[in-house]
Student: 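Quick one: the structure is below, and I'll ask about it shortly.
Just the heavy atoms: all of them, side chains too, but no hydrogens, waters or symmetry mates, feed the values below.
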Amino acid sequence: MTKYSNYRSTSGTLSRQEREKIHPIWRGIGLILVFLFAVMGWFGSIWLLDENAKQHWITIPSNLMAKGADELLYVKIGVAIVIFLVLYMIFQFISFFILRLFGPERYGPMDIPRASWKGSRKDR
C-alpha cells in the first residue's frame with residue numbers, strides 16, 4: 001500500500017458515478033409529470049377563459065385574437081404556459097421542502113465543522 005492509496009478495500013463499494021446515477025423510473029415519472037402539467041395547464045386555461053367570459057374579469061385586447069376557428073387560441077396558449085409554470089413551481093417547492101425535512105444531512109462525516117469567527121469588527 002502506497003502513501004496516497006485508499007486504506008479501505010474496494011470490494012463492496014460503489015464508485016461515485018454509480019452512487020449518483022438516477023434510477024430510470026424517476027426519469028419516467030418526471031416525463032409523466034411534464035405531460036400532466038401541460039394537460040392541466042391547457043384545460044385550466046380553457047376553464048379560466050370560460051369563467052372570464054361569464055364574470056368579465058379581464059377584457060382581452062383585439063390584437064391578441066387569432067383569425068380562424070378559435071379566436072382565443074393565442075390567449076389559451078399563453079395562459080396554459082403560465083399555469084404550467086405555476087404548477088411546476090409549486091411542485092418544486094413541495095419537493096424541496098420534503099427533501100429538506102427527510103433528505104440527507106447537509107454535511108457528511110468527512111466534512112469539517114464551520115469555523116466560528118471570534119473577532120471584533122474594526123472600522124477603519
Student: How long is the straight-line distance from CE of Met89 back to CD1 of Ile94, given to the nearest 0.5 Å?
Tutor: 11.5 Å
Student: Is there a chain of hydrophobic side chains (I, L, V, M, F, W, Y, each step under 4.5 Å between heavy atoms) that links Val75 to Val86?
Tutor: no
Student: Could you list the residues that satisfy side-chain hydrogen bond (donor to acceptor under 3.5 Å, both in side chains) with Asn52, not counting sequence neighbours?
Tutor: none
Student: Check salt bridge (Lys or Arg N to Asp or Glu O under 4.0 Å) between Glu51 and all other residues, then give those that pass, not counting sequence neighbours.
Tutor: Lys54
Student: If hydrophobic clusters are built by linking Ile, Leu, Val, Met, Phe, Trp and Tyr wherever their side-chain heavy atoms come under 4.5 Å apart, do Ile90 and Ile81 end up in the same one?
Tutor: no
Student: Look at the side-chain heavy atoms of Ile, Leu, Val, Met, Phe, Trp and Tyr, link any pair under 4.5 Å apart, and say whether Leu49 and Leu64 land in one connected group.
Tutor: yes
Student: Which atom pair, heavy atoms only, marks the closest approach of Ile83 to Gly41?
Tutor: CG2-CA, 3.5 Å
Student: For Phe91, what residues pass the ring pair (Phe, Tyr, Trp, His ring centres under 6.0 Å) criterion, not counting sequence neighbours?
Tutor: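 Partners of Phe91 under the ring pair (Phe, Tyr, Trp, His ring centres under 6.0 Å) test: Phe37.
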Student: Hey, what else clusters with Leu31 if you join Ile, Leu, Val, Met, Phe, Trp, Tyr whenever side-chain heavy atoms sit under 4.5 Å?
Tutor: Phe35
Student: Please round to the nearest 0.5 Å and tell me the distance separating atom CE of Met40 and atom CG of Leu33.
Tutor: 10.0 Å
Student: NZ of Lys76 to CD1 of Ile46: how many Å apart, nearest 0.5 Å?
Tutor: 5.0 Å
Student: Taking atom CG of Leu72 and atom CG of Asp50, what is their separation to the nearest 0.5 Å?
Tutor: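 Leu72 atom CG to Asp50 atom CG measures 9.0 Å (nearest 0.5 Å).
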Student: Looking at every heavy atom in both Ala80 and Ser45, which two are closest together, and how far apart are they?
Tutor: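 So the two residues come closest at N-CB, 3.6 Å.
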Student: Do you reckon Leu87 sits in the same ILVMFWY cluster as Phe93, going by side-chain contacts under 4.5 Å, direct or chained?
Tutor: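 Each belongs to a different hydrophobic cluster.
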Student: Go through the structure and list residues passing side-chain contact (heavy atoms from CB on, under 4.5 Å) with Leu101, not counting sequence neighbours.
Tutor: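 side-chain contact (heavy atoms from CB on, under 4.5 Å) list for Leu101, sorted by chain: Phe97.
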Student: Going by ring pair (Phe, Tyr, Trp, His ring centres under 6.0 Å), name the pairs with one or both residues in residues 39-85, residues two or more places apart or in two chains.
Tutor: none
